[in-house]
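Reviewing the structure listed below.
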Amino acid sequence: MKKSIFIFLLVFLISYLLFPVNAIFAEEAIEEKCFSYCVSDYSSGLILYAKNEHKKHEIGSMVKIMTLNIFFEELEKNTISLDEEVYISDNAASMGGSQMFLDKNTSYKVSDLIKGIVVCSANDAAYAIGERISGDINSFINLMNNKAKEYGMNNTLFANSTGLPSNKEQYSTAFDVNIATKKLMEHDKYYDYAKIWYEDFVHPSGRITRITNTNKLLKRYNKCICAKTGYTNEAGFCISAGAKKDDFKVISTVIGGESSDDRFNAAISLFNRAFSTYSTKLLYRKNEVIDQVNVIKGKENQVNVYVDKDVSLLYKENELISDVQYNYSKDIEAPFLMNQNIGYIEVKTGDNVEKVNVLTCKEIQKKGLFDYFSQILTKK
């Protein structure tokens, strides 16, 4: 009996000591099976982990991250609306690959096309949106490449709006895709579509197509808030995803996985590593009033000011690694408009610098002669 107990305790002790180590090695092996990856803090942009992040590679349907970025920017500029009807050309309807099987020579609502791009990576919808925004697809591709330069995606070249294989050169990097994903996550309207798991989409003709989300992390990882997958023979299995724990958002981009499970497991492993090592403290939320400043020569003496983005500080293993500086005036002269920029808050994290604008909450006019006269009478 004593011998049996001793053997049991010995086996338990060996398992306890070895299993965590093996688990860590297994997680690292999952990540290393991919060609490249890049993990960043959403708020500061600081790169937390990376491998081959600047090496060029095809990225498959992750190209649509840029297609979506351009769309949401146009939506916010009111140059396109979600209720607008878009005509589906022969070229758009014949895209092949992942699609929502749009009827050619028929019009669809913009909101339905965007849903198709986000949820099921619909190539036909991506092509149609490109034609609508730029008039023709070649002009839209030029816009995509110009936008990549604007974002600082210096190792990216787009050949189409879908990510389908092309006889023209096309590539990006884990670092560049991570940048594009951060930009996309800044658009609040994007999240209306990002968490749709599946839907029976009804075409104008009454025909039904079931669209299912390509982002399996929605079911496998409860911290996931969005993702765009990609796959071609050349690209391998790819994903760029966002996850959130409390107020801490992380972006994980994986390129060139050997299987679909590899990319999802690698993304989860990288998220877990980030969340176990880093954390954030939220100082101010987007649109939150942060201060009251003095108004000189104004009809009112003070005005509230707010920030146009979240302001967060990053910690590594509970040690603060960010520094915050307040660079805005405590005294501003009237007149000024509502949403007048009076400076910024600067958050430095490593070599990364995030500047968040500080804006006025209301318009205040300059004092006139009558205001000064009334003030004199009031003092008496």
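For clarity, every value in this text was computed on a predicted model and none was experimentally measured. Nothing fancy with the numbering, it's 1 onward along the sequence.
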Task: Donor-acceptor contact present, side-chain Thr360 to main-chain Leu337, <3.5 Å - done: yes
Task: Any Ile65 side-chain heavy atom under 4.5 Å of Leu68 side chain - done: no
Could you go through residues 303-311 and list every donor-acceptor pair under 3.5 Å that involves a side-chain atom there, pairing it with any protein atom two or more places apart or in another chain?
from, atom 1, to, atom 2, distance (Å)
Asn304, OD1, Gln292, NE2, 3.3
Tyr306, OH, Asn339, OD1, 2.6
Asp308, OD1, Asn357, N, 3.2
Asp308, OD2, Asn357, ND2, 3.1
Asp310, OD1, Lys286, N, 2.6

Task: Donor-acceptor contact present, side-chain Asn52 to main-chain Phe35, <3.5 Å - done: yes
TODO: Kindly state each residue pair satisfying salt bridge (Lys or Arg N to Asp or Glu O under 4.0 Å) with at least one member in residues 230-251, sequence neighbours excluded.
DONE: Asp247-Arg285
TODO: Determine whether more than 12 heavy atoms belonging to other residues, nucleotides or ligands lie under 6.0 Å from atom CG of Asp200.
DONE: yes
- [ ] Step through it carefully: locate the ring centre of Tyr49, locate the ring centre of Tyr37, and say whether they are under 6.0 Å apart.
- [x] no
TODO: State whether the side chain of Asn352 and the backbone N or O of Gly45 hold a donor-acceptor pair below 3.5 Å, judged by distance alone.
DONE: yes
Task: Any pair counted as ring pair (Phe, Tyr, Trp, His ring centres under 6.0 Å), so long as it reaches residues 80-139, sequence neighbours left out - done: Tyr108-His203
Task: Qualifying salt bridge (Lys or Arg N to Asp or Glu O under 4.0 Å) pairs with a residue from residues 126-147, counting only residues at least two apart or across chains - done: Glu73-Lys147, Glu84-Arg132, Lys147-Glu150
Open item on the list: Donor-acceptor check, side chain of Thr181 to backbone of Val177, threshold 3.5 angstrom: yes or no?
Closed with: yes
Open item on the list: Under a 3.5 Å distance rule, please check whether Asn69 uses its side chain to pair with a backbone N or O of Leu184 as donor and acceptor.
Closed with: yes
Task: Qualifying salt bridge (Lys or Arg N to Asp or Glu O under 4.0 Å) pairs, either residue in residues 45-68, two or more places apart - done: Glu32-Lys51
Task: Main-chain N/O of Gly343 paired to Asn327 side chain as donor or acceptor, under 3.5 Å - done: no
Open item on the list: Taking the basic N atoms (NZ, or NE/NH1/NH2) and the acidic carboxylate oxygens, is any pair closer than 4.0 Å for Asp192 and Lys189?
Closed with: yes
Task: Under 3.5 Å donor-acceptor, Asn123 side chain and Gly96 backbone - done: yes
Task: Pairs where residues 253-267 contributes a residue and the test salt bridge (Lys or Arg N to Asp or Glu O under 4.0 Å) is met, not counting sequence neighbours - done: Lys33-Asp262, Arg220-Asp261
TODO: Mind checking the CD-CZ spacing from Glu169 to Phe158? Nearest 0.5 Å is all I need.
DONE: 13.5 Å
